[in-house]
Amino acid sequence: MNEAYLERKASLMEFSHLSPDEAFDSFHKRISHYESIYEPLSKERNLILVDSFEGCILQEQISDVIPYHDRIRDIITTRIVSNLFLLRHGETYFNLEDRIGGDSDLTEKGLSQARALAEYFAGVPIPIIFTSNYKRTLQTAAAIAEKQHECSIIALPEFNEIHAGLCEGMTYKEIREKMPHVANARNRNKFSYVYPMGEGYATMEKRVHRGLHKVFYLSNYNDNIMIVGHRAVNRMILSDFVFRPKEEVPYIYMPQNRYYHLQIDHYKKHFELKSFMRGAEANLPA
Ligand code: F6P
């Protein structure tokens, strides 16, 4: 066994009444005891081997009829999420022109959406806001963080918006007119389509998933988690929790004047699209 690991173990509180040598010795005795009583898992009649980080089953071998077996599988693979607030950044100058990609700033309306979000979440402690590297998510998060007591912003490149390659900075109309093959192919299969020199939903899947792992690694179990992302990225994040057929994922509704609230435990998976604007604006489509 790794020496550094043994040293770390031997320095735990439970060994504090012993000298380092005695602690080492006591820990070695404990390991020998475990070895003497160990029974290899392969002898088990019923076994479920779980990757708890990925929330998936690696090996399953069930010989008996186990009551509530499906429920048990479900419980051990469910990731508990107390509150996950999934937001899209406020309106940008690119959004105004229906232009995709780029690194545009928020417009006046976008800044006012960010301020409305800040007011709305002011009473909800958010220790960390996760964003992409783009200004629009950082500016939205900065406004929210300002109204928080203690809040850090962590930008993850994994949450950068889908890269449209040669089409970055173009409007959807320009793509239809100048690159009709792109528009048509994307229309036919939006999930699998990959922009020339860019990305597609399918090719983003792994990195967004990696970003989510970072989020959970950096957050505590009970923390309120907030992600300020983008339209395509947020669709991928949502689909990680709420099963949707792949071909439907690129069409999930992802407005800028509402956010998704997710709560997941062993008994329920709850997700709700909520408005953070007050008055008439709350009901406007975005
Ligand atoms: O228009 C905003 C935007 O985030 C673009 O940067 C991105 O290319 C697009 O939305 C993703 O949405 P869709 O996949 O529906 O084109």
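Scope of the values below: all heavy atoms of this structure, side chains included, with no hydrogens, waters or symmetry mates. For ligands, and for the atoms within them, numbers begin at 1 and follow the listed sequence.
Among all protein heavy atoms, the one lying closest to atom 11 (C) of ligand 1 is Glu161 OE2, 3.7 Å. The single protein non-hydrogen atom nearest to atom 1 (O) of ligand 1 is Arg231 NH2, 3.2 Å, given as residue, atom name and distance.
Pro250 places none of its side-chain heavy atoms less than 4.5 Å from the side chain of Tyr193. In this structure, the side chains of Phe121 and Tyr259 come closer than 4.5 Å at one or more pairs of heavy atoms. Counting heavy atoms from C-beta on, the side chains of Phe85 and Leu117 never come closer than 4.5 Å. Looking at Leu18 and Ser26, their side chains come closer than 4.5 Å, going by heavy atoms from C-beta outward.
When each of Leu58, Ile66, Thr77, Ile62 is tested with Ile48 by the rule side-chain contact (heavy atoms from CB on, under 4.5 Å), just one qualifies, namely Ile62.
Counting heavy atoms under 4.0 Å from ligand 1, residue Glu199 does not touch it at all. Counting heavy atoms under 4.0 Å from ligand 1, residue Glu168 does not touch it at all. The side chain of Tyr172, and not its backbone, has at least one atom closer than 4.0 Å to an atom of ligand 1 (non-hydrogen atoms only; side chain from C-beta on). Under 4.0 Å from ligand 1, the heavy atoms of Tyr201 that appear belong solely to its side chain.
Pairing each heavy atom of Val208 with each of Phe159, the nearest pair is O-CE2, 3.7 Å.
Atom numbering of ligand 1 starts at 1 in the shown order; those under 4.0 Å from a heavy atom of Lys190 are 13 (P), 14 (O), 15 (O). In the vicinity of Ile162, heavy-atom distances shorter than 4.0 Å reach the ligand 1 atoms 7 (C), 8 (O). In summary, the atoms of ligand 1 found under 4.0 Å from a heavy atom of Arg186, numbered by their order in the structure, are 13 (P), 14 (O), 16 (O).
The 12-atom threshold is not exceeded at CD of Glu146, counting heavy atoms of other residues, nucleotides or ligands nearer than 6.0 Å.
Taking any N or O of Ile100, backbone or side chain, none lies under 3.5 Å from an N or O belonging to ligand 1. In terms of polar-atom proximity, defined here as any N/O pair under 3.5 Å, Arg88 makes no such contact with ligand 1. Looking at His230 next to ligand 1, no N or O pair under 3.5 Å apart turns up.
Glu161 and His89 are not linked by any side-chain donor-acceptor pair at a separation below 3.5 angstrom, with hydrogens and angles left out of the test. In this model, no donor atom of one side chain and acceptor atom of the other lie less than 3.5 Å apart for Thr171 and Glu97.
Contact between Gly101 and ligand 1 is present, with at least one heavy atom of the residue lying under 4.0 Å from the ligand.
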